[in-house]
Amino acid sequence: MRTEPAGEPPWWRRAVVYQVYPTSFADGDGDGWGDLAGIRSRLPYLQWLGVDAVWLSPIYPSPHADFGYDVADYCDVDARFGDLASFDALLEEAHARGIRVILDWVPNHTSDRHPWFLESRAARASTRRDWYIWRDGTRDGLPPNNWRSAFGGPAWTFDDRTAEWYLHLFLPEQPDLNWARAEVREAMHATLRFWLDRGVDGFRADVVHLIGKDPALPDQDASLGEVDRVAIHDDPRTHELLRGLRRVLDEYPGERMMVGEVNLRDTLRIATYYGAGDELHLAFNFLALEAGFDPAAWRTLVETVGEALVPRAWPTWVLSNHDNPRHRTRFGGSERRARAAAVLLLTLRGTPFLFQGEELGLEDAFVPPAARLDPGGRDGARAPLPWTPEPPHGWPAPPFLPFPPEPGGRSVERQRGRPGSTLLLYRGLLALRRRSAALRDGDLQLVDAPPEVLRFVRVAAGERLEVAVNFSPEPAALAGAEGSTIMLASDDLAPGQPFAGAVPPECAVVLSPSVPAQKRP
Ligand code: NOJ
């Protein structure tokens, strides 16, 4: 296992992490579904792009009621994706190429086909009965409390066999585990060790803020907002459970990490999930996913993150993932805006997470109602990646969902050879970040700017870079920046040239104050 040189920040503070959604990334066996062999065949692409780590959405055996977030066995690979041998081969080759691998890990619930649940539901007297959360309903035959499932409807299903209700904060096919039971904690720790022993670099822990629950299961305040209403969020019991997970990771050498999906909309609360450096290494902050192309929202977020996390904890940044419309789609389909936002994402202080295909400037696919597969209506963002210009775009067989718009022109192959393409912009950004201590490690200071511009400097020993994002459809003057060197721009401005003083409309620039070298006459 590799370790960083002493004194260096841990790898996950400097990494750019790329989310692979295995179903729609690349198909190795020609069945129209992505798989591990497909991912492995595209590792040279990810290395060329310059990512440091990949996060694989769930690959475990699953009935796929929620696309793998319903796990039937935590210690194996779904036959759709391959097997343990193909996983080991992928991991080995990724490591050989300098790419770390983190796995999605789903602690809040299993599949209803998991042997633990089958045993639990078989009888009230089953030894595993309270590995899940079973309760009587009310005297009127209603569910035990008013909790709602994230996919709609009550968070409880009545099971005729034993005449009790079981809790599922997501689908009925995803019963919640009872983390109050020591045996459940031990069994789930063992699933982490199974993959840590195989050499994975860490985990993305699915809705990990939900694992601690008040055993009294009190009704929720019906006046709570949408996110809070779906479940009891932010229960203090979760923090002790996270410390337990952290201890498991700490048993291993090599800076194994856990990034938690903490699906709250409050940066101060999210910050508590890092504990005193003894809980999560990183926590997602989905406020960035919802900020829109809006300078005020971003300014507030950058300020809040600065106050709530720094210097104690390390932020994360994300624009797109498999649960939300792609950011280009959210920004009205504008590639210019999506590119400006990419510069922002990759120059902020913190670990950026990319979602497969955002580097191609993809928009969501239109999926006709009859072809929709996901219970949460998220198929559009999960459409297959186009690799080559001609149909079926590098897939050996037509894939399970339609491609996003303009798959030929936006394919990897086409964009690799097109100067100024969004793919080459991302590659340039990743390369700039890799060689810039200021961007990777440096402090961030916001600079006064007109309201339509977000302007900040990143500073590390001996290096200072300035970033300005102009969110408006008009050019924006940048006081005092004239003559600095353009390191990179999302559009219009050529790198290496002196900055003339205005940021083009809906454009982001990275500037270096150093005076460009004079050409000898
Ligand atoms: C969050 C995952 O990202 C999402 O895809 C899934 O449906 C829920 N958690 C339930 O596991």
Side-chain angles (χ1 to χ4, degrees), residues 17-25 34 54-74 78 102-114 117 132-133 147-153 155 157 166-177 179 188 191 203-211 213 226-234 238 258-265 270 273 280 282-286 288-290 316 318-326 353-356 364 367 372-383 401:
V17 184
Y18 183 99
Q19 181 190 356
V20 167
Y21 195 70
T23 313
S24 53
F25 187 69
V54 293
W55 144 31
L56 303 181
S57 280
I59 57 169
Y60 316 103
S62 165
H64 286 266
D66 184 18
F67 277 80
Y69 286 94
D70 46 326
V71 178
D73 180 354
Y74 289 93
D78 194 288
I102 68 175
L103 290 185
D104 223 311
W105 180 67
V106 189
N108 180 66
H109 43 265
T110 69
S111 162
D112 63 344
R113 312 280 175 80
H114 195 293
F117 188 69
Y132 294 83
I133 299 169
W147 294 7
R148 310 278 299 164
S149 145
F151 290 117
T157 289
Y166 68 87
L167 178 70
H168 53 86
L169 295 179
F170 294 86
L171 294 173
E173 293 88 344
Q174 295 168 297
D176 278 42
L177 280 165
W179 278 79
M188 289 302 283
T191 70
F203 302 92
R204 174 266 190 192
D206 187 66
V207 289
V208 76
H209 63 300
L210 296 177
I211 62 178
K213 294 181 177 80
E226 181 66 22
V227 168
D228 284 340
R229 215 171 33 234
V230 292
I232 293 291
H233 284 210
D234 204 25
T238 299
M258 183 171 279
V259 52
E261 186 192 20
V262 178
N263 201 351
L264 305 170
R265 297 296 185 278
I270 293 169
Y273 285 77
L280 296 171
L282 295 173
F284 281 115
N285 186 342
F286 291 152
L289 274 168
E290 293 172 354
T316 64
V318 57
L319 289 172
S320 291
N321 67 20
H322 65 296
D323 287 332
N324 293 279
R326 288 182 173 279
F353 285 77
L354 308 181
F355 177 48
Q356 64 176 38
D364 285 6
V367 181
R372 290 183 193 158
L373 298 170
D374 172 47
R378 299 160 293 187
D379 294 307
R382 300 172 175 187
L401 277 178

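Just so it is clear, the structure is predicted and the values come from calculations on it, not from any experiment. Read the numbers this way: they start at 1 and go in the same order the structure lists the ligands and their atoms.
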Report task. Could you check which of Asn324, Leu171, Asp323 puts a non-hydrogen atom nearest to atom 3 (O) of ligand 1? Result -> Asp323
Query raised in the report: With atoms numbered from 1 as shown, which atoms in ligand 1 lie under 4.0 angstrom from a non-hydrogen atom of Phe151?
Result: 7 (O)
Report summary line: With Asp104 as partner, the option from Tyr69, Tyr60, Tyr21 fulfilling side-chain hydrogen bond (donor to acceptor under 3.5 Å, both in side chains) is Tyr69
Query raised in the report: Which atoms of ligand 1 sit under 4.0 Å from any heavy atom of Arg382?
Result: 5 (O)
Report summary line: heavy-atom search around atom 6 (C) of ligand 1 in the protein gives Asp66 OD2, 3.3 Å
Query raised in the report: Is it true that Gln19 lies under 4.0 Å from ligand 1, counting heavy atoms only?
Result: no
Query raised in the report: Which class fits the ring pair His109 and Phe170: parallel under 30°, tilted 30 to 60°, perpendicular over 60°?
Result: tilted
Query raised in the report: Considering only the protein, which heavy-atom contact is closest to atom 1 (C) of ligand 1, and what is its distance?
Result: Asp206 OD1, 2.9 Å
Query raised in the report: Does the side chain of Asn263 pick up a donor-acceptor pair with the side chain of Arg265 at under 3.5 Å?
Result: yes
Query raised in the report: In terms of the angle between their ring planes, are Tyr18 and Phe25 parallel, tilted or perpendicular, with boundaries placed at 30° and 60°?
Result: perpendicular
Query raised in the report: Are any of the heavy atoms in Phe67 under 4.0 Å away from ligand 1?
Result: no
**Report entry** Enumerated ligand 1 atoms positioned under 4.0 Å from heavy atoms of His109
**Finding:** 10 (C), 11 (O)
Requested in this report: Could you check whether the rings of Phe355 and His322 sit parallel, tilted or perpendicular, using 30° and 60° as the cut-offs?
Outcome: tilted
Report task. Give a yes or no on whether the ring-centroid distance for Phe284 and Trp55 is below 6.0 angstrom. Result -> yes
**Report entry** Row check, Phe67 ring normal vs Arg382 NZ/CZ: under 6.0 Å, within 45°
**Finding:** yes
Query raised in the report: Can you list the ligand 1 atoms lying under 4.0 Å from a non-hydrogen atom of Arg378?
Result: 4 (C), 5 (O), 6 (C), 7 (O)
